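Here the structure comes first, spelled out in structure tokens, and everything after it is commentary.
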2 protein chains.
Amino acid sequence: MATERLFVGLETSFCHDLPATLDEVYAEKMNAVIAPLFHPRFKRDDHQVSDDRLGPMSRSDLVLDSRGWTSSVIGGVSKWINLDSSCPRVRLAAEKVFKQEIAWASHLSVPAVLLPTPSAQKCSNYARVLNQSATQAQYLQFWVRVPLTTRPHPLAVCASNRQGPSSDKCVEGDDDAASFSEVDDNGPSPWEAWDALRSMCEYHPKVGVALELTADLPSPEELKRWLGEPVRAVIVPTDIFLTNRKGYPALSQRHQRFVMELFQYKIQFYLKGRPHHRGRFLPYVQYLHYLHSKKPAVDAKALFEAPYLDYLQAPLQPLMDNLESQTYETFEQDAFKYQQYEKAVAKALAQTPEDKVSVVMVVGAGRGPLVRCSLRAAVTANRKTRMYAVEKNPNAVITLRNLKISEKWDNVTIIASDMRHWQATEKADIMVSELLGSFSDNELSPECLDGAQAFLKEDGISITCRYTSYVAPIMSSKVWNEVKAYDSLKSFETPYVVRLHNFYSIAESQPCFTFVHPKFGRIDNRRAVELTFVAEESAVVHGLAGYFDAVLFEDVTLSINPQTHSDGMFSWFPIFFPLRSPIRVERHERIVVPFWRLANNNRVWYEWALHTETGKQHAPVHNPNGRSYWIGL
Amino acid sequence: MATERLFVGLETSFCHDLPATLDEVYAEKMNAVIAPLFHPRFKRDDHQVSDDRLGPMSRSDLVLDSRGWTSSVIGGVSKWINLDSSCPRVRLAAEKVFKQEIAWASHLSVPAVLLPTPSAQKCSNYARVLNQSATQAQYLQFWVRVPLTTRPHPLAVCASNRQGPSSDKCVEGDDDAASFSEVDDNGPSPWEAWDALRSMCEYHPKVGVALELTADLPSPEELKRWLGEPVRAVIVPTDIFLTNRKGYPALSQRHQRFVMELFQYKIQFYLKGRPHHRGRFLPYVQYLHYLHSKKPAVDAKALFEAPYLDYLQAPLQPLMDNLESQTYETFEQDAFKYQQYEKAVAKALAQTPEDKVSVVMVVGAGRGPLVRCSLRAAVTANRKTRMYAVEKNPNAVITLRNLKISEKWDNVTIIASDMRHWQATEKADIMVSELLGSFSDNELSPECLDGAQAFLKEDGISITCRYTSYVAPIMSSKVWNEVKAYDSLKSFETPYVVRLHNFYSIAESQPCFTFVHPKFGRIDNRRAVELTFVAEESAVVHGLAGYFDAVLFEDVTLSINPQTHSDGMFSWFPIFFPLRSPIRVERHERIVVPFWRLANNNRVWYEWALHTETGKQHAPVHNPNGRSYWIGL
């Protein structure tokens with residue numbers, strides 16, 4: 001988060017004296033180290049690990065107090081451990097050593113361990129052992145080291161590191177100008193290896209990525225995809241830095257842009273390698289802090305949203321339930337939204353004859369914000385109006401009646417009624433409503449306004465007059481795991497309102513359902529679409545993000561659809577429709593999403609499914625008959 | 001089942017007088033009809049279904065009593081219903097009619113409805129509506145009509161059928177000689193459409209196949225695949241019959257073979273079309289009965305297995321639990337197995353000097369069958385022996401002590417002890433055991449014999465001396481649904497002993513783990529393999545079938561591995577390791593199966609995973625740390 005300070009640490013090879021090393025690290029304005037858990041000199045023989053040979057292979061746990069271990073040290077797991085060796089002895093020895101190191105890390109209470117880079121070709125035993133450890137771990141996090149590109153191949157690096165605590169360099173790239181396109185054909189990308197590993201661990205929430213930056217960078221889309229992964233740490237080798245005119249280290253423009261993007265997330269940064277500038281790490285640390293300081297200042301919207309990032313909420317049911325005062329209060333603070341309403345109403349009034357007294361009905365008036373907008377709009381447009389504020393929540397009606405007195409709403413009549421059933425005494429020229437949910441129609445705006453249009457004149461105007469929901473397939477093991485934590489079929493067939501943050505949109509959103517008001521002719525609010533997306537990159541579909549946009553009147557709009565999102569508006573977060581089993585898709589593969597809005601006499605619900613065209617993987621139809629989730633009429 | 005009579009019915013277009021039609025059908029030795037639920041003449045307008053136009057579109061439910069409806073009629077759903085029309089009105093009207101017909105079928109209590117053939121290109125709305133209906137249905141079964149081949153395309157057939165109750169012909173193929181290879185390139189196969197539909201319905205157990213035979217037949221592998229699907233009915237058009245020399249109908253050799261295979265399952269057969277031979281259906285019915293009579297007679301093994309087909313059992317834990325008398329009784333009846341043991345012991349004894357008194361120890365003697373084998377073998381080989389019968393189950397020991405008296409086992413000493421802990425007073429020349437489970441080592445034979453070999457002479461013989469487990473990826477929505485019915489993570493991470501019947505082996509089984517006895521050197525019974533299979537046909541992997549084979553001594557073996565199954569042996573059914581989410585694989589795609597046998601001080605367990613190479617679909621590692629299933633030491 002922007003409000004937090006940047007956390008910078010150092011990855012070291014073995015250090016004899018951890019307290020002294022930490023003192024040096026603190027002196028260079030860093031916060032922590034990644035240090036090997038066991039001394040590489042004690043590397044156990046590949047063919048046999050005998051307990052009696054182990055001796056004190058590691059420093060004592062007494063060199064730091066527990067606060068030191070928990071706040072300042074990440075345990076580096078030995079890189080030479082080869083869990084997928086074809087030789088059973090090597091493999092079994094590797095398992096033993098791996099578990100020994102994890103046990104030691106747990107004993108020390110370090111917050112995380114840094115694990116070796118997996119191989120995309122063969123990592124099933126690595127996955128099994130990691131899955132076992134993650135399933136058993138209490139607090140320990142597992143960071144899997146993944147380089148952005150494979151030059152040289154990680155296996156080669158591991159092999160060269162087997163000689164002991166020499167250089168840790170993973171990247172030989174010497175300048176930033178190297179194109180990324182050539183990387184594509186070098187066999188599976190590091191992401192593929194990561195995906196194989198974590199899929200076999202079923203996206204375990206304790207398993208994250210330690211992303212190692214490389215001099216070469218992959219394509220912008222691949223970089224973007226990493227922002228959807230659970231990146232916990234970024235490792236920055238000193239030799240990817242350039243030197244600026246004053247002799248200080250600096251990153252290339254592309255690296256800078258990517259690092260700035262990473263700053264959005266709660267990620268720790270670790271320097272790695274020897275300091276090539278002025279023999280110290282401080283200039284690198286200062287440079288990262290300098291970049292961090294260039295982040296845009298935290299605005300009101302960001303501040304409001306901060307606690308909600310990737311946090312699941314059940315969608316509101318304002319029709320079935322009555323909203324609470326606090327909820328009204330939150331939404332009333334969205335200045336942009338009400339400016340748009342004021343603009344729309346003013347524009348509609350301005351088109352009426354100057355002497356006409358227009359009947360304006362606010363349907364679903366809540367605690368009155370749209371009444372205020374409409375009153376201000378009448379002033380702006382210099383038109384006379386007679387207003388009605390229709391509200392079904394008796395608690396909100398009390399507020400409205402008080403406001404009528406305190407704010408002198410002389411031309412406003414308060415109607416305590418459900419808009420679907422009110423027998424109006426006259427008809428409206430303009431009907432103003434704000435009944436939209438994150439997915440536009442999911443709070444039953446269509447059904448409510450269809451009822452209310454009974455008292456709208458034939459040439460009357462509905463503000464809002466048109467709205468459309470949007471859907472995009474997304475990857476987010478973070479959000480999917482939040483759903484999984486509920487551990488039920490029901491939870492996987494329920495949409496959630498969530499400020500999506502740690503996610504990757506596999507394709508741009510597409511329009512899903514559209515509704516217009518008023519409606520003429522036969523009314524049917526059931527819908528069915530089948531959307532086809534093309535995956536921008538290989539990814540895992542964890543579910544569908546939902547958005548909406550709406551036309552209030554003519555060119556006055558609201559949108560939370562990413563392509564057209566209204567600046568500064570915070571009333572709506574996206575909605576997330578999970579998939580019970582994530583589905584892997586390939587780059588440029590077509591993804592078919594059938595989506596339905598269904599209804600019976602007392603409920604509305606969605607059903608959704610997904611399948612790939614080439615892989616023919618099918619997600620079953622979710623939420624049949626609204627068995628898990630529905631909206632009450 | 002072979003013991004049951006063949007069920008033959010007739011698919012009719014509309015018949016005015018159902019009771020009269022049924023009388024005719026009975027007269028032709030048939031049992032039932034598939035009749036349209038609604039008269040096609042009352043086909044509702046594509047653009048609007050208005051309730052008042054419906055009138056009595058169907059015969060009254062009073063024409064038959066409820067026994068008639070439930071035993072003799074299958075409801076045919078109107079073929080013109082187009083649930084995936086791109087026109088919303090047609091689609092909505094189709095949904096309405098579909099649900100109306102299903103509701104009527106439920107009201108009549110017919111056992112099943114016959115549904116139209118889905119299109120592989122577009123069937124998501126069909127899937128949704130079917131999924132809804134299947135989820136809500138109480139007793140009704142849903143049979144989806146699927147032709148074996150698509151000549152002509154089913155959509156074209158549907159279109160031509162919209163004109164009313166004219167011909168129902170789906171196949172124009174005129175002879176059996178047409179090769180099947182050309183069919184392959186005709187776009188998606190009918191199986192693809194079925195797979196898309198039922199995957200989206202999550203393999204709903206109420207959704208089955210009504211397989212329509214065609215003059216052309218697909219490849220033998222594709223035919224075999226259908227045997228793994230939930231085929232509930234087979235529709236046999238009269239025009240695929242040839243005429244034999246006497247002028248009677250007969251099927252081609254290939255058709256005969258396939259029909260004979262179908263007879264293994266509980267499938268109803270329905271004739272369809274006009275009778276081309278002697279103007280009657282009777283000759284066709286008689287021909288099918290004739291084919292059915294050619295089924296091999298039911299042998300003892302088949303009789304024994306009949307109640308266990310596709311029935312899940314938890315694997316035995318004979319080490320942790322004590323077997324019951326009944327269980328011993330069942331296994332003691334396997335004549336073949338004990339013949340092999342007798343042969344193996346006799347062969348081993350025959351290799352000893354004539355005057356030697358061999359020490360034979362039966363470890364895990366149970367109620368004594370191997371003692372008897374060994375005694376008989378000593379007679380056959382004409383050798384002297386001193387025997388020990390070691391058994392840990394105190395209840396079985398009582399039986400052994402009684403047998404020693406009643407059967408005069410003068411040279412047999414009964415030892416009431418766990419073989420792993422017995423302190424023997426002398427060492428054995430031959431150690432005889434039957435500790436194998438369906439997956440060979442899954443009842444902990446390795447651990448038991450490793451303990452017992454302490455009292456085996458250095459040059460002693462273990463019978464069994466070597467065993468290997470085998471694994472194959474299989475498709476079986478039947479068995480997978482049995483697991484799903486338990487509705488828990490635990491149930492999906494447990495292997496089951498099951499006489500697999502309604503399943504398709506996607507590739508031949510491959511050896512998994514091997515154990516030999518006695519062992520020299522360091523003992524480690526943990527194992528890890530990564531098997532790669534190539535799918536013979538596109539299919540869905542629902543789990544892994546497990547088998548074993550074993551060498552008792554030299555060339556004397558036992559096997560339940562399909563390639564080498566011992567004739568007549570029934571002691572072991574296969575084992576099934578489920579996948580939590582089925583994974584679709586393409587024809588000739590490589591399927592990678594990592595499999596582990598793991599152990600700690602008091603438990604042994606398996607973990608397994610699966611991934612495809614091209615599709616990169618991953619099943620997570622199942623049963624980490626033995627959380628759901630383990631075998632107690």
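As the structure is a prediction and not an experimental result, all values here were calculated from the model. Chain letters run A, B, ... following the sequence lines, proteins first, then strands; residues in each count from 1. For the numbers below, each heavy atom of this structure counts, side chains included, while hydrogens, waters and symmetry mates do not.
- Interface remark: E202(A) contributes backbone and side-chain atoms alike to the contact with chain B (heavy atom separation under 4.5 Å).
- Taking A528(A), P88(A), A127(A) one by one and counting their heavy-atom pairs under 4.5 Å with chain B, the maximum is reached by A528(A).
- Only the side chain of E607(B) comes within less than 4.5 Å of a heavy atom of chain A; its backbone N, CA, C and O stay farther away.
- At least one side-chain heavy atom of R526(B) sits less than 4.5 Å from a side-chain heavy atom of L92(A).
- Of the atoms belonging to D524(B), it is side-chain heavy atoms, and not backbone ones, that fall under 4.5 Å from chain A.
- Separating the CD atom in Q617(B) from the OG atom in S581(A) is a distance of 10.5 Å, to the nearest 0.5 Å.
- Per-residue heavy-atom pair counts under 4.5 Å with chain B were compared for S124(A), P594(A), G626(A), and the maximum is reached by S124(A).
- Summarising the geometry, atom CG belonging to D195(B) is positioned 9.0 Å from atom NZ belonging to K616(A); distances are rounded to the nearest 0.5 Å.
- A619(A) and M200(B) get closest at one heavy-atom pair: O-CG, 4.2 Å.
- Heavy atoms of Q132(B) lying under 4.5 Å from chain A belong to its backbone as well as its side chain.
- The two residues S199(A) and H618(B) come nearest to each other via the heavy atoms CB-CB, 3.5 Å.
- Under a cut-off of 6.0 angstrom, the local environment of NZ in K99(A) is crowded, with over 12 non-hydrogen atoms contributed by other residues, nucleotides or ligands.
- Residue L598(A) comes nearest to R128(B) through the heavy atom pair CD1-NH1, 3.2 Å, listed as atom of the first residue, atom of the second, then distance.
- Most heavy-atom pairs under 4.5 Å with chain B, from the set C201(A), P582(A), A196(A), S538(A): that is A196(A).
- For the pair Y203(B)/P620(A), no side-chain contact is recorded, criterion being any heavy-atom separation below 4.5 Å from C-beta on.
- Around CZ of R627(A), the count of heavy atoms belonging to other residues, nucleotides or ligands within 6.0 Å exceeds 12.
- When each of T135(B), D84(B), N125(B) is checked for heavy-atom pairs under 4.5 Å with chain A, N125(B) comes out on top.
- Interface check for chain B: of the options H611(A), Q136(A), R198(A), the most heavy-atom pairs under 4.5 Å are formed by Q136(A).
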